[in-house]
Amino acid sequence: MGATRLRYTMLGFIIGVLIVWMKELPISSGVRFAAPFYGAGIGLLIDNMILRIRQRRQKDE
């Protein structure tokens with residue numbers, strides 16, 4: 001796993017952990033406790049989108 005993939009995955013996971021601590025959010029406890037894993041997945045998706053944009057820019061040059 002590359003450095004950027006790990007970075008975005010960990011940022012998503014940390015944001016998910018912060019969501020777990022916010023007990024006032026109007027979401028169910030199951031979704032709240034799964035938030036770190038959702039955040040990690042979203043971080044991987046964002047990294048993949050950034051890599052594709054960079055590859056397209058390099059391909060156009």
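Below, all heavy atoms of this structure are taken into account, side chains as well, without hydrogens, waters or symmetry copies. We number each residue from 1, following the sequence as shown.
Put simply, Ile42 and Ile50 are part of the same group of oily side chains (I, L, V, M, F, W, Y) that touch within less than 4.5 Å, one to the next.
In this view, Leu25 and Ile19, Met22, Ile27 satisfy the side-chain contact (heavy atoms from CB on, under 4.5 Å) rule, not counting sequence neighbours. Qualifying side-chain contact (heavy atoms from CB on, under 4.5 Å) partners for Ser28, counting only residues two or more places apart in sequence or in other chains: Val31.
In this structure, OH on Tyr8 lies 12.0 Å from CG on Asn48, to the nearest 0.5 angstrom. A distance of 9.5 Å separates CG of Leu45 from OG1 of Thr9, quoted to the nearest 0.5 Å. For the atom pair CG (Leu44) and CG (Leu6), the distance works out to 9.5 Å, reported to the nearest 0.5 Å.
Nearest heavy atom pair, residue Val20 against residue Pro36, reads CG2-CD, 3.7 Å.
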